[in-house]
Every structure is written in structure tokens, then in C-alpha cells.
Amino acid sequence: MQYLEALTPPVVMAVAFGFLIRTIFRNQGGANAAKEDAAAEAITVAQLAALEQRDGGAA
């Protein structure tokens, strides 16, 4: 039975990883894509504004 104890953790991790990948693929695009794109754009704009402010407006 030691072989079963040795194989259980990797099998459990492999199954969990499979579910993680499946969840990631299922959540790509769809209704959340626009929200995620808007959030990324807002972060980018804020970072660029902070950079311009730090540099005194000279880009």
C-alpha cells in the first residue's frame, strides 16, 4: 500500500491543475472580457499619467 500513498499526492495535484486550467480557459472572453480590458486600460492610463507628472510633463 505504500505505492498508493506515494502516488496519491501527484494524482491529486494533477487533477487540481486540470481543473485550474479548465477554469482559466472557460473564463477567457465572454461578459468579463470588457470589464477586464477596461480595468487594464484604466491602470495603464493612471501609470502613464503618474509618469508624466513625475517627469514634469516632458515625455
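None of the values given here were measured: they were computed from a predicted structure.
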Quick one: name the residues clustered hydrophobically with M1, using the 4.5 Å side-chain heavy-atom rule over I, L, V, M, F, W, Y, and just say none if it's on its own.
Y3, L4

What distance do K35 atom NZ and D37 atom CG have between them, rounded to the nearest 0.5 Å?
12.0 Å

So, for P9 and A6, which heavy atoms are closest and what is the spacing to 0.1 Å?
CD-O, 3.8 Å

Do F25 and F17 belong together in a cluster built from hydrophobic side chains that touch within less than 4.5 Å?
yes

